Amino acid sequence: MTLPGARGAALVEWISGLSLGQVGDAPGGDPETAAAETAEFARMAVEHSAFEPAEPLGSPRGGTTGPAAPAAPAAPAAPSGPADTAKGLPVEDVIVVTRTGYHLLRFVEAPFDGGVFLHLWLDREHANLALAMMRVRDLAERLVLA
């Protein structure tokens, strides 16, 4: 895959922080350290309730006016198609913008416990973030993990 501004990419198991493969440069120069640090960040995004999906509009609380009764904790929704996140996780993508680059994390469905994500590192001056997001989403949907 050729992508303008791409500096490097990795496939990372987000529970252990193990890099399953990488191409190009790694942030900080060490691919294993970058994978472990990025996995820690990805776990935080997935595990914190602040990023839970909002209730659907058709739910009893959705679209109502006035005070609402407290809701019971909702179980994670099961994925309904390839565009959904891995194993019903509340987060699809995480984007970090730095002074010189973009870091795009895309969660991928895996057939084993835990999960993986694609980490794409882009040069901010030469990259098109919207194009990168579309390409990574398409790549993640075609990726086969066994």
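Quantities reported herein were computed from a predicted structural model and do not represent experimental measurements.
In this structure, L105 and F117 approach most closely via the heavy-atom pair CD2-CE1, 3.7 Å. Minimum heavy-atom separation, P27 to A34: O-CB, 3.6 Å. Closest approach of T2 to R135, counting heavy atoms only: O-NH1, 2.7 Å. Here the closest heavy-atom approach between residue N128 and residue L131 is recorded as OD1-N, 3.0 Å. When all heavy atoms are compared, the tightest approach of L120 to A9 is CD1-CB, 4.1 Å. Residue V91 comes nearest to A45 through the heavy atom pair CG2-O, 3.5 Å, listed as atom of the first residue, atom of the second, then distance.
For residues 23-37, the set of pairs meeting the side-chain hydrogen bond (donor to acceptor under 3.5 Å, both in side chains) definition, not counting sequence neighbours, comprises D30-T33.
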Step-by-step side-chain contact (heavy atoms from CB on, under 4.5 Å) determination, W14 to F107: CA-CA 9 Å; W14 61 274; F107 291 90; 4.3 Å; yes

Between E13 and I15, does the side-chain contact (heavy atoms from CB on, under 4.5 Å) criterion hold? Intermediate values first, please. CA-CA 6 Å; E13 199 277 331; I15 299 295; 3.3 Å; yes

List the steps, then state whether side-chain contact (heavy atoms from CB on, under 4.5 Å) holds for I95 with M133. CA-CA 9 Å; I95 302 169; M133 288 181 69; 3.6 Å; yes

Report the C-alpha separation of L104 and D93 in whole Å, then their side-chain angles, then the decisive distance to 0.1 Å, and conclude whether the side-chain contact (heavy atoms from CB on, under 4.5 Å) test is met. CA-CA 7 Å; L104 174 58; D93 297 308; 4.2 Å; yes

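The shortest distance between side-chain heavy atoms of F51 and V46 does not fall below 4.5 Å. Counting heavy atoms from C-beta outward, V108 and L118 have side chains that approach closer than 4.5 Å. You'll find the side chain of R124 reaches within 4.5 Å of the side chain of V97, heavy atoms only. At a threshold of 4.5 Å between non-hydrogen side-chain atoms, the residues V12 and L18 do not count as touching.
Residue V23 is not grouped with residue L20 when hydrophobic side chains (ILVMFWY) are merged at heavy-atom distances under 4.5 angstrom, including chains of intermediate members. Taking hydrophobic clusters as Ile, Leu, Val, Met, Phe, Trp and Tyr residues chained together by side-chain heavy-atom distances below 4.5 Å, L3 does not share a cluster with W121.
The distance from atom CG of L143 to atom CZ of R106, rounded to the nearest 0.5 Å, is 11.5 Å. Atom CG of L139 sits about 9.0 Å away from atom CG of L11, to the nearest 0.5 Å.
Judged as a side-chain contact (heavy atoms from CB on, under 4.5 Å), and not counting sequence neighbours, the contacts of V96 are F41, V94, T98, H103. For R99, the side-chain contact (heavy atoms from CB on, under 4.5 Å) criterion is met by no residue, not counting sequence neighbours. E40 meets the side-chain contact (heavy atoms from CB on, under 4.5 Å) test with R43; sequence neighbours excluded. The side-chain hydrogen bond (donor to acceptor under 3.5 Å, both in side chains) test applied to D123 returns H126, not counting sequence neighbours. With sequence neighbours left out, the side-chain hydrogen bond (donor to acceptor under 3.5 Å, both in side chains) criterion links Q22 to no other residue.
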